Amino acid sequence: MANQSFIEKYKEDHQHPINKLTHSIGIPLIVVSLPLFFWRWKLALALFIVGWILQFIGHLFEGKKPSFLKNPVYLLVGPVWYVRNILTGKAFKKEKIEKPHL
């Protein structure tokens with residue numbers, strides 16, 4: 001891991017399609033909930049809790065613990081990964097699986 005960037009390691013720890021899906025929903029819920037606490041704290045709390053539940057459900061499918069348990073920096077890497085995927089259009093594309101040549 002010493003030579004891997006945080007984004008590369010995060011991507012490696014988030015390969016399962018269901019984990020990707022739950023993170024694609026859960027991360028925005030968590031991020032939106034944070035400033036919302038100033039105005040509508042009950043809604044913000046609900047979004048925050050649902051967002052985290054989705055994160056942990058995804059990790060059950062992935063079979064790996066959340067990255068932030070190893071390093072809290074990953075609490076910021078997740079939203080960066082999400083925004084990067086939105087801006088590059090990767091969030092809406094299926095990854096191609098290369099077939100082995102026989």
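Since the structure is predicted, the reported quantities are computational estimates derived from the model, not experimental observations. Heavy-atom basis, side chains included; hydrogens, waters and symmetry copies ignored.
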*Asks:* Identify, with sequence neighbours excluded, every residue that meets side-chain contact (heavy atoms from CB on, under 4.5 Å) alongside Pro17.
*Replies:* none

*Asks:* Apply side-chain contact (heavy atoms from CB on, under 4.5 Å) to Val83 and list each qualifying residue two or more places apart in sequence or on a separate chain.
*Replies:*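 side-chain contact (heavy atoms from CB on, under 4.5 Å) check on Val83 returns Leu87.
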
*Asks:* Which ILVMFWY residues are connected to Leu36, directly or by a chain of links, through side-chain heavy atoms under 4.5 Å apart?
*Replies:* Leu21, Ile25, Leu29, Val32, Leu43, Leu47, Val50, Leu54

*Asks:* Using a cut-off of 6.0 Å, state whether more than 12 heavy atoms not belonging to Phe56 lie near its atom CZ.
*Replies:* yes

*Asks:* Any salt bridge (Lys or Arg N to Asp or Glu O under 4.0 Å) pairs touching residues 43-62, not counting sequence neighbours?
*Replies:*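 Counting only pairs at least two positions apart or across chains, no salt bridge (Lys or Arg N to Asp or Glu O under 4.0 Å) contact touches residues 43-62.
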
*Asks:* Just by modelled atom types, is the Lys20 backbone N or O under 3.5 Å from a matching donor or acceptor in the His14 side chain?
*Replies:* no

*Asks:* Which residues pass the side-chain hydrogen bond (donor to acceptor under 3.5 Å, both in side chains) test with Ser67, not counting sequence neighbours?
*Replies:* Asp13

*Asks:* I'd like to check the side-chain contact (heavy atoms from CB on, under 4.5 Å) partners of Phe37; sequence neighbours left out, ordered by chain and number.
*Replies:* Ser33, Trp41, Ala44, Leu45, Phe48

*Asks:* Which atom pair, heavy atoms only, marks the closest approach of Asn19 to Gln55?
*Replies:* OD1-O, 4.2 Å

*Asks:* Do the two ring centres, one from His16 and one from His23, sit under 6.0 Å apart?
*Replies:* no

*Asks:* Would you check if Asn71 and Phe6 make a side-chain contact, meaning some heavy-atom pair closer than 4.5 Å?
*Replies:*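 Yes. Closest side-chain heavy atoms under 4.5 Å.
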
*Asks:* Tyr10 and side-chain contact (heavy atoms from CB on, under 4.5 Å): which single residue from Val80, Val73, Val77 fits?
*Replies:*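 Going through the options one by one, the only one that passes is Val77.
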
*Asks:* Please name all residues satisfying side-chain contact (heavy atoms from CB on, under 4.5 Å) with Val31, sequence neighbours left out, ordered by chain then number.
*Replies:*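 Expected list: Ile27, Pro79.
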
*Asks:* Between Leu69 and Lys65, what is the shortest heavy-atom contact and its length?
*Replies:*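 That would be CD1-CB, 4.1 Å.
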
*Asks:* With clusters defined by side-chain heavy atoms of hydrophobic residues (ILVMFWY) lying less than 4.5 Å apart, directly or transitively, does Leu76 cluster with Trp81?
*Replies:* no

*Asks:* In the hydrophobic cluster built from side-chain contacts under 4.5 Å, what are the other members alongside Trp39?
*Replies:*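 For the cluster that includes Trp39, the remaining residues are Phe38.
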
*Asks:* Test: side-chain hydrogen bond (donor to acceptor under 3.5 Å, both in side chains). Region: residues 42-53. Which pairs qualify, not counting sequence neighbours?
*Replies:* none

*Asks:* Got a salt bridge between Glu12 and Lys9, using NZ or NE/NH1/NH2 to carboxylate O under 4.0 Å?
*Replies:* yes

*Asks:* Are Leu34 and Ile53 connected in a single hydrophobic cluster, I mean Ile/Leu/Val/Met/Phe/Trp/Tyr linked by side-chain heavy atoms less than 4.5 Å apart?
*Replies:* yes

*Asks:* I want to check something: taking the side chain as every heavy atom from C-beta on, are Tyr74 and Pro66 in contact at a cut-off of under 4.5 Å?
*Replies:*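 Tyr74 does not reach Pro66 side chain to side chain.
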
